[in-house]
Amino acid sequence: MAPSERRLSNRLAIEGGDPVRDQPLPWELPGAYYIDAEEKRLVNQVIDARSPFRFYGLDAQGMVDRLEAEWCSTFGHKHALGVNSGSSALHIALAAFGVGPGDEVLVPGYLWVSCLSAIVRTGAVPRLVDIDTTFCIDPDDLERKIGPHSKAVLTVNMSGAMGRNDRIAAICRKHDLRLLEDCAQAIGGRLNGRPAGSFGDIGIYSFQLNKNMTSGEGGLLVTEDEDLYKRCVALHDLGYARDEEGRLDPSDERYQFWGTGSRMSELSGAMALAQMRKVGMITERMRAAKWKIREAIKDIPGIALREIADPAGDTGPVLITIYPTADACQRFVDALKAEGVRGHEGSLTCITMREWGMHWYFNIPSLVKKRSNARDGFPWTHPANAFAAGYTYDKGSLPQCDSLSDRSALLTVASVLTDKDVDDIIAAFWKVGNAFASREKAAE
Ligand SMILES: *Cc1c(COP(=O)(O)O)cnc(C)c1O
């Protein structure tokens, strides 16, 4: 074919045509791109003071204290506690609720493995709840699943956006259940003006590398409840409060536990402080790019989009598209990738949800096989958990999760997309969508 003819071709790249683009899209690491002199300045301050521990030191700089205080004033919470990871924060929160053997914690089937790990390590049992087209807990299924052993709900604001947290919170109040809100993937998100993390008794965040802001490792939890806060403080540390000098203080019997060793270091605190000051800008960039793409592709035949309860509160790192069948989904994604809508080797930029690993309950071997860290099978074998002996976690347990995981695809929206990247993505969606639609029409 002559070059001039090739340029005019609408032929799909997957069938030998020219791709829309040939450069990989950037890595999906939102905060990492914005690490600069400010992080360096604050981290160096800790190093220059030779004081990397938050509670005392040669010249402690109070970085974690500042992070907590600024988090509260920025997002409107009463108490914040820096910890060493989102996973730790989940476990500490459930322990602070007093969750343990004999309890079940209701949790969506689209989640992250840490949510289940936290439940199982308290000695409680996970009870799966289906999702709806928000890709978060379906409040109707939540009400159906609540039973005599239900103690808490762990709702997960997945893939950058919040679910129907107002309804979920109302259901929890009605049934006297504790609500834990996992905002690891939705830092800076809002629902009808209320920030992610303010709907539950405790909200948790993660600062791991893939999240909206990062300190490499790190996390934080928020609560409006003084007693829960004090429990979390003791639990995240060595099981006791600290006095004014930062020394362990076992004097208050109400706050004597077994600690989890989850303190945040001043180095992480310094980095997280610099990043949190940028997170509004980072999420606004992702949100703007994502919604430009969403608006532009919404009328492509054969594509539906994830329902976003509050578009203004979406943080934007992920665009989810839904297809009529698993086969249609796979064909569309393969064709998009061939058009150049893909990341660097090994990235998860453009994939079907079937490839999305431990975000789906049935892909988590330790859950499906009821694994234990102990020889005796705890907590599955605990007598108080006998009520849950018949619970199974294989695929087939949650119809909406099963269907949406088969038929949906995911495009990560990097925080540094250029206008050209965005235009290329839109052009590729239309090119593939048009080609498939006209083919279907011809087959009719
Ligand atoms: C990342 C993540 C966590 C865990 O955070 P870590 O800091 O990696 O321990 C928990 N829940 C969700 C939904 C996450 O995406």
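In this chain, residues are counted from 1 in sequence order. Start at 1 and go down the list; that is how both ligands and their atoms are numbered.
Within 6.0 Å of CG in D176 there are 12 or fewer heavy atoms belonging to other residues, nucleotides or ligands.
A salt bridge between R167 and D140 is present, with a side-chain N of the basic residue lying under 4.0 Å from a carboxylate O of the acidic one. Salt bridge annotation for R242-D249: absent, with no cationic side-chain nitrogen under 4.0 angstrom from a carboxylate oxygen.
With sequence neighbours excluded, no residue forms a salt bridge (Lys or Arg N to Asp or Glu O under 4.0 Å) with R194. Looking at residues two or more places apart in sequence or on another chain, you find no ring pair (Phe, Tyr, Trp, His ring centres under 6.0 Å) involving Y240.
Every pair passing salt bridge (charged side-chain N to carboxylate O under 4.0 Å, His left out) that includes a residue from residues 25-40 is listed here, sequence neighbours excluded: D36-K278, E38-R41, E38-R277, E39-K278.
Annotation: ligand 1 has protein neighbours S85, G86, S87, L90, W112, S114, V156, D182, A184, Q185, S206, Q208, K211, G218, each with a heavy atom less than 4.0 angstrom from the ligand.
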